Protein chains: 2
Amino acid sequence: MSLGEMPNAGGGSSRVTVIDIARHAGVSKSTVSLVLQGSPLVKAETRERVLSSIEALGYVYNRGAANLRSARSNIVGMVINDLANPFFAELAVGIERVFQTAGYIPFIANTTESPTRQGEVLRSMSEHDIAGLIICPARGTRAAEIESFASRGFPILLAMRRLAGLRVSSVAPDNFRGARRATEHLIGLGHRRIAFFGGYADMSAQAERSGGYLAALDAAGIVPDRALIVEGPPNREGGLAAIDRVLDMAEPPSAALCFNDVVAFGVLDGLERRRLAAGRDFGLVGFDDVREARHTNPALTTVHVDTLALGERAAHAVLRMIHGDTRPEEHIGEVQLVVRESCGAKEVRRPS
Amino acid sequence: MSLGEMPNAGGGSSRVTVIDIARHAGVSKSTVSLVLQGSPLVKAETRERVLSSIEALGYVYNRGAANLRSARSNIVGMVINDLANPFFAELAVGIERVFQTAGYIPFIANTTESPTRQGEVLRSMSEHDIAGLIICPARGTRAAEIESFASRGFPILLAMRRLAGLRVSSVAPDNFRGARRATEHLIGLGHRRIAFFGGYADMSAQAERSGGYLAALDAAGIVPDRALIVEGPPNREGGLAAIDRVLDMAEPPSAALCFNDVVAFGVLDGLERRRLAAGRDFGLVGFDDVREARHTNPALTTVHVDTLALGERAAHAVLRMIHGDTRPEEHIGEVQLVVRESCGAKEVRRPS
DNA sequence: CCGAAGATTTGGAACGTTCCAATATCCCTC
DNA sequence: GAGGGATATTGGAACGTTCCAAATCTTCGG
């Protein structure tokens with residue numbers, strides 16, 4: 001567009017509508033609407049004329065109005081419990097990418113594990129008539145809260161976390177197997193007192209991961225010490241608190257599996273404050289394999305999750321359901337232990 | 001709500017509207033609307049009656065319709081160039097938080113530095129009649145592209161990056177001063193051949209940061225070597241490529257300031273592959289101070305930016321402008337060098 | 001050159017809200 | 001108990017689109 005012909009420049013301040021286009025192109029608003037929707041009904045020549053009027057007047061489509069009439073929305077909701085956690089950020093990236101290329105546009109909300117905030121944003125999103133929803137439910141979310149939205153007509157998918165008693169679609173990594181494998185690894189390295197750090201038992205992912213941990217202990221004939229399962233927020237602070245608590249015990253553990261990598265980062269922090277080193281003084285394993293895990297000091301042994309793919313899968317599933325396929329999705333992503341240094345299996349890298 | 005009275009359960013599949021509420025409460029739809037808007041005009045008793053009808057019928061407000069009529073939107077746009085970068089994720093968190101508590105709900109889009117994608121999402125967002133927009137423009141964005149939206153009526157704020165020749169609100173850290181300070185620090189440690197890694201000169205933030213870098217060199221009487229400014233994508237790959245390129249030079253640098261922390265992470269990677277250690281063999285400084293910076297191996301010396309606060313500031317500014325204040329925002333956030341280990345100022349921590 | 005079949009276009013109602021001007025109701029005061 | 005100002009309520013138009021049934025235009029066989 002050349003400098004002279006700024007759209008919206010000369011005219012009044014009111015919005016250019018489909019009616020203005022119709023007038024300018026010498027057709028009816030219905031025809032303009034048809035063109036807008038790419039209907040094959042309209043003659044090529046007419047379409048051209050309409051299109052150039054659109055260009056000339058600087059028309060911008062009003063999806064709100066269209067949506068009101070047609071009851072079809074291209075907005076979806078994405079509610080994340082902790083966007084500052086690189087794991088969830090990556091998940092969001094995967095989801096957003098798929099939606100964007102499919103012509104949908106996501107609302108985002110970060111609940112920071114607050115069910116109250118979550119309730120507010122869910123309400124707000126449904127007021128906007130979203131076509132679908134992907135949610136990582138905040139801790140303490142009751143199934144009924146989500147259920148009341150499930151009956152609202154749009155598909156819902158739970159990402160990463162399930163909700164007891166709620167049968168809706170979900171996408172999550174294989175938490176149980178990953179945690180069992182990681183714990184087996186620590187046991188294989190000779191550890192007997194192994195702790196589990198972070199998360200709360202009422203979060204499905206934590207339950208599954210600690211379940212895998214217990215299964216591995218059990219298989220090795222180790223009787224679990226309840227005191228070694230220390231719950232806490234699934235973030236740095238949680239990890240820091242956990243390691244502090246446990247190292248002050250009479251019989252401290254020699255290793256720990258963390259609920260996730262970010263908790264492990266906190267543990268790294270706590271160890272450092274005591275001038276201890278993971279891998280040498282303490283066997284540490286994380287979960288998720290966020291990108292930063294390979295750069296910690298020492299590099300974090302963790303369970304790899306293909307987060308981006310999980311996000312994409314989630315979005316595709318919702319898209320599928322929006323388009324009428326009613327079969328629910330129930331995907332469990334493969335995971336894989338990646339051994340680095342923090343577990344002590346390899347010699348700790350040292351720069352000197 | 002008890003099990004028996006699921007809203008939306010018995011009735012037809014059509015939506016409950018303000019008219020249904022009116023009928024149920026024995027008032028007119030206008031009164032219902034008034035109640036919905038919290039108008040003080042309606043009598044308390046009437047309000048109660050309407051409210052309980054709303055509850056009873058499970059009514060959900062249709063903001064699309066309301067917005068169509070009232071031309072007031074509570075949707076804002078947030079377009080980020082790289083959400084996988086913890087720096088921008090943190091920024092997004094800050095922005096989202098403020099908007100959410102103010103009753104606004106943000107669209108999110110991740111452009112991954114693609115102006116094409118950015119154009120698409122901007123179009124999509126404006127079709128949805130957003131009330132305001134915060135954008136970290138993708139590399140290569142032309143001022144005109146943004147300008148055409150600026151004339152659309154809603155406030156726009158550039159976060160982190162400015163656009164040449166475009167006078168709209170912006171919020172960014174003090175890139176120049178931060179980079180100068182970081183470079184001075186490296187010079188103070190005895191380095192003379194200092195590189196600058198990552199980003200592209202056509203990105204304002206890079207220009208400002210490399211400008212600070214050059215200013216520090218100049219002040220120290222060091223003539224800059226253009227070959228030591230190696231441009232590249234502002235991500236891990238960029239850092240990796242940069243350090244590789246530079247270490248193969250005849251006269252390699254002994255230190256580098258990176259465009260941002262994520263680039264520095266890539267450099268850490270590259271050094272490791274060559275069995276070199278930052279802090280010992282190479283002085284490395286990042287920029288942004290993302291949370292992960294203190295956990296790298298070695299811990300990253302970097303320029304601290306209060307990203308969360310910047311995000312909140314950006315959102316507040318947009319809110320202010322939405323509410324009619326036309327004064328543009330032009331905020332430059334303070335920064336601070338935080339010295340850790342990667343620059344070599346302190347002895348490198350070693351776990352052995 | 002008429003009529004039918006197909007292709008294209010169209011006017012008006014509808015979506016669910018808000019706005020506005022007008023009406024109805026209330027409470028006092030004289 | 002009539003008048004008047006405040007207080008509450010209301011019907012209908014409007015927002016910008018899509019949908020639908022109907023109208024118009026083309027084309028072509030006979």
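Computed from heavy atoms alone, side chains included, the values below leave out hydrogens, waters and symmetry copies. Model, not experiment: these values are computed from the prediction. Chain letters run A, B, ... following the sequence lines, proteins first, then strands; residues in each count from 1.
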Practice task
Report the distance from atom CZ of Arg47(A) to atom C1' of dT9(C), rounded to the nearest whole Å.
Solution key: 13 Å

Handout entry: Distance in angstrom units between Glu45(A) CD and dC25(D) P, rounded
Key = 15 Å

Handout entry: Gln100(A) side, atom CD; Glu120(B) side, atom CD - distance, nearest 0.5 Å
Key = 6.5 Å

Practice task
Only one of Asn62(B), Asn67(B), Asn74(B) passes side chain to side chain donor-acceptor pair (under 3.5 Å) with His128(A); say which it is.
Solution key: Asn74(B)

Handout entry: Side chain Arg47(B), main chain Val42(B), donor-acceptor under 3.5 Å
Key = yes

Fill in the blank from the handout: When every non-hydrogen atom of Asn110(B) is compared with those of Leu83(B), the smallest separation belongs to OD1-N, 2.8 Å

Exercise for the section: Compare side-chain N and O positions of Thr46(A) against OP1 and OP2 of dT9(C) and report whether any pair is under 4.0 Å apart. Expected result: yes

Problem - dT9(D) phosphate, OP1 or OP2, under 4.0 Å from Thr31(B) side-chain N/O - result: no

Taking only nitrogen or oxygen atoms into account, show me every contact under 3.5 Å that the protein makes with nucleotides 16-18 of chain C, one pair per line with its distance.
{"residue": "dG16(C)", "atom": "N2", "partner": "Ala65(B)", "partner atom": "O", "Å": "3.4"}
{"residue": "dT17(C)", "atom": "OP1", "partner": "Tyr59(B)", "partner atom": "OH", "Å": "2.3"}
{"residue": "dT17(C)", "atom": "OP1", "partner": "Asn62(B)", "partner atom": "N", "Å": "3.3"}
{"residue": "dT17(C)", "atom": "OP2", "partner": "Val18(B)", "partner atom": "N", "Å": "2.6"}
{"residue": "dT18(C)", "atom": "OP1", "partner": "Tyr61(B)", "partner atom": "OH", "Å": "2.7"}
{"residue": "dT18(C)", "atom": "OP2", "partner": "Ser33(B)", "partner atom": "OG", "Å": "2.3"}
{"residue": "dT18(C)", "atom": "O2", "partner": "Arg69(B)", "partner atom": "NE", "Å": "3.2"}

Handout entry: Annotated protein contacts, base or backbone, on nucleotides 22-28 of chain C with a non-hydrogen cut-off under 4.0 Å, one of B, S, - each
Key = -------

Handout entry: Minimal non-hydrogen separation, Arg15(A) against Tyr61(A), with atom names
Key = NH2-O, 4.3 Å

Problem - Side-chain donor-acceptor contact under 3.5 Å, Ser33(A) with Gln37(A) - result: yes

Exercise for the section: Could you tell me whether a side-chain N or O of Arg63(A) sits under 3.5 Å from a main-chain N or O of Glu127(B), the two making a donor and an acceptor? Expected result: no

Problem - Basic-acidic side-chain contact under 4.0 Å: Arg117(B), Glu96(A) - result: no

